*Asks:* 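Structure incoming, see below.
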Protein chains: 2
Amino acid sequence: MRNRLTPAAKPADELQARVRRKEQTRQNLMQAALALVGNGSSFTALGIREITREAGVVPTAFYRHFKTTDELGLALVEEAGLTLRRLLREARQASLPGEDMIRHSVNVFINYLKQHHLEWRFISSERSGGSPALRNAIRNEITHFTNEMASDLRSLNIFPKLTGTSLLLICSVVVTLMMNSAVDFLDLKPEQPMIEREMQDNFVKQIVMVFLGAAHWEEVPTGSLQDEISGRQ
Amino acid sequence: MRNRLTPAAKPADELQARVRRKEQTRQNLMQAALALVGNGSSFTALGIREITREAGVVPTAFYRHFKTTDELGLALVEEAGLTLRRLLREARQASLPGEDMIRHSVNVFINYLKQHHLEWRFISSERSGGSPALRNAIRNEITHFTNEMASDLRSLNIFPKLTGTSLLLICSVVVTLMMNSAVDFLDLKPEQPMIEREMQDNFVKQIVMVFLGAAHWEEVPTGSLQDEISGRQ
DNA sequence: TGTACATCAGTGAACGCGCGTTCACTGATGTAC
DNA sequence: TGTACATCAGTGAACGCGCGTTCACTGATGTAC
């Protein structure tokens with residue numbers, strides 16, 4: 001009891017060696033799983049022995065950190081969620097509305113995609129292919145991301161006429177397009193700059209179209225939009 | 001040599017018993033795989049023994065029909081492709097353009113989804129999570145579907161001002177939204193009719209917005225759309 | 001401060017099990033004549 | 001038409017292998033006093 005406070009006198013960010021090493025191994029396991037996914041395996045099909053082999057520890061060491069591979073997957077989702085939030089923060093700095101803002105945001109997005117391609121590959125493939133728990137966690141992250149994007153658009157006052165619900169729908173379309181494009185970009189061979197360029201332009205054009213629709217959207221009772229779509233031609 | 005033609009005298013659609021039974025087993029294997037996927041398993045993680053057990057044949061019988069589970073998966077993709085094409089043919093009968101057409105098509109889509117939910121679940125989860133070969137095959141089917149939808153819109157003359165490229169982009173957005181909604185609908189518990197209703201309305205609204213943007217789209221040089229998005233408010 | 005003890009991340013042997021694949025087979029169906 | 005032979009979808013035993021999980025362990029790090 002006497003010297004109980006002595007260890008706590010260390011700087012708070014310099015953890016005890018044992019804790020630091022444990023955290024390091026945990027990270028190694030997570031990175032090993034990502035590496036295997038990047039190698040073409042499906043996360044769902046990864047085994048504990050496979051992951052620990054890649055991480056350079058003995059199979060049983062896995063249980064010191066996670067009960068199941070699903071639990072490791074959830075940790076990866078959380079990590080990827082942080083990446084998503086940073087992406088949004090960076091894209092947010094494109095202040096001027098209009099096509100330039102979209103073009104800039106898409107650039108930020110594609111850079112993040114390349115920089116964190118393993119995480120994105122994992123998220124993309126487990127979003128609909130993983131275990132229910134994983135799917136749910138990813139869906140929550142994406143919903144969160146969509147909400148933040150909507151509140152950004154709100155504060156930029158780009159669509160002052162739209163209700164919050166409609167704004168969310170717009171963002172949901174954009175995010176869906178984004179996740180879809182991510183898969184396409186990730187499957188691209190790196191030696192195809194022309195195709196990448198084209199895909200990027202198409203992606204921008206799609207978002208511009210959606211925003212254009214949003215700009216012309218009037219909050220009206222169901223049914224009366226029919227005329228505008230078919231009539232303006 | 002003498003009676004060579006005698007067997008061919010049978011009606012062409014009534015195959016020899018052996019061929020028929022083989023085809024039946026093949027179908028059983030495919031349906032068994034779908035059933036397992038519907039049960040919560042990931043197709044990628046299915047094993048030959050698992051599938052044959054579900055189909056009620058001995059493991060080695062598998063090899064009479066497919067070399068690998070991937071080959072079975074490709075057969076499933078092909079089958080699902082037929083479903084997609086039938087869906088399009090039925091939706092096509094909604095002749096009047098405008099929101100009613102969209103609403104009707106979405107209804108057709110959701111009915112198909114419920115009717116063929118195992119196939120859709122398979123396609124949804126393997127679209128980004130499966131083996132490269134499977135992913136590719138699914139992507140091809142979806143591209144094909146998108147192209148057909150674009151040529152439908154073209155012949156309905158809904159967007160006479162749009163180039164073929166732009167029309168394809170629109171359809172690509174709609175199909176992306178469709179695949180995305182499919183996942184959400186499939187994850188819905190059947191005893192949540194209110195939420196389903198709401199999701200369906202949102203989905204319709206999203207498509208209407210996209211079509212609205214398309215109707216206001218002018219084929220112009222890059223950059224000049226900026227004003228319209230930000231200026232019309 | 002030094003010492004004796006506690007903690008616990010990672011080890012390594014061992015287990016039972018289901019996997020994919022091989023092989024020789026059987027017996028119903030199809031074919032030749 | 002009847003008979004003798006060929007085909008081949010499905011069988012069942014057997015194999016070697018890697019899996020997930022258990023358990024008792026070791027030895028570096030942390031704690032008490």
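In this text the structure is predicted, and so the values were computed from the model without any measurement.
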*Asks:* Between A:Ser42 and B:Thr44, what is the shortest heavy-atom contact and its length?
*Replies:* CB-CG2, 3.8 Å

*Asks:* B:Glu141: what forms a salt bridge (charged side-chain N to carboxylate O under 4.0 Å, His left out) with it, not counting sequence neighbours?
*Replies:* B:Arg85

*Asks:* Only counting residues at least two apart or in another chain, list the ones meeting salt bridge (charged side-chain N to carboxylate O under 4.0 Å, His left out) with B:Glu79.
*Replies:* none

*Asks:* List in chain and number order the residues that pass side-chain contact (heavy atoms from CB on, under 4.5 Å) with B:Leu169, two or more places apart in sequence or in another chain; answer none if no residue qualifies.
*Replies:* A:Asn202, A:Lys205, A:Gln206

*Asks:* Quick one: are A:Leu153 and A:Cys171 in side-chain contact, heavy atoms under 4.5 Å?
*Replies:* yes

*Asks:* Could I get the full list of side-chain hydrogen bond (donor to acceptor under 3.5 Å, both in side chains) partners for B:Asp187, not counting sequence neighbours?
*Replies:* A:Arg135, A:Arg139

*Asks:* Could you tell me which non-hydrogen atom of B:Met199 sits nearest to which non-hydrogen atom of B:Leu188, and how far apart they are?
*Replies:* SD-CD1, 3.8 Å

*Asks:* Defining pairs by Watson-Crick or G-U wobble geometry with both distances under 3.5 Å, how would you list the stems of DNA chain C with at least three pairs each?
*Replies:* C:2-33 with D:2-33

*Asks:* Summarise protein proximity over nucleotides 12-23 of chain C in one line of letters, 5' to 3': B for base, S for sugar-phosphate only, - for none, counting protein heavy atoms closer than 4.0 Å.
*Replies:* B------BBBBB

*Asks:* Please determine whether salt bridge (Lys or Arg N to Asp or Glu O under 4.0 Å) holds for the pair A:Lys114 and A:Glu196, giving the CA-CA distance in whole Å, both sets of side-chain angles, and the decisive distance to 0.1 Å.
*Replies:* CA-CA 12 Å; A:Lys114 285 178 180 168; A:Glu196 178 177 331; 2.9 Å; yes

*Asks:* Please list, chain by chain and in numerical order, all residues satisfying side-chain hydrogen bond (donor to acceptor under 3.5 Å, both in side chains) with B:Gln200, sequence neighbours excluded.
*Replies:* B:Asn107

*Asks:* Return the set of residues passing salt bridge (charged side-chain N to carboxylate O under 4.0 Å, His left out) with B:Glu198 (not counting sequence neighbours), or none when no residue passes.
*Replies:* none

*Asks:* Provide a list of protein-nucleic acid N or O atom pairs under 3.5 angstrom, restricted to nucleotides 5-9 of chain D.
*Replies:*
residue, atom, partner, partner atom, Å
D:dT7, O2, B:Arg18, NH1, 2.6
D:dT7, O2, B:Arg18, NH2, 3.0
D:dA9, OP2, B:Lys22, NZ, 3.4
D:dA9, N7, B:Arg64, NE, 3.3
D:dA9, N7, B:Arg64, NH2, 3.3

*Asks:* Suppose we screen for side-chain hydrogen bond (donor to acceptor under 3.5 Å, both in side chains). Which residues come up paired with B:Glu78, at least two apart in sequence or across chains?
*Replies:* none

*Asks:* Contacts to DNA chain C from residues 30-39 of chain B, heavy-atom cutoff under 4.0 Å, which residues?
*Replies:* none

*Asks:* Could you tell me which residues satisfy side-chain hydrogen bond (donor to acceptor under 3.5 Å, both in side chains) with B:Thr146, sequence neighbours excluded, listed by chain and number?
*Replies:* none

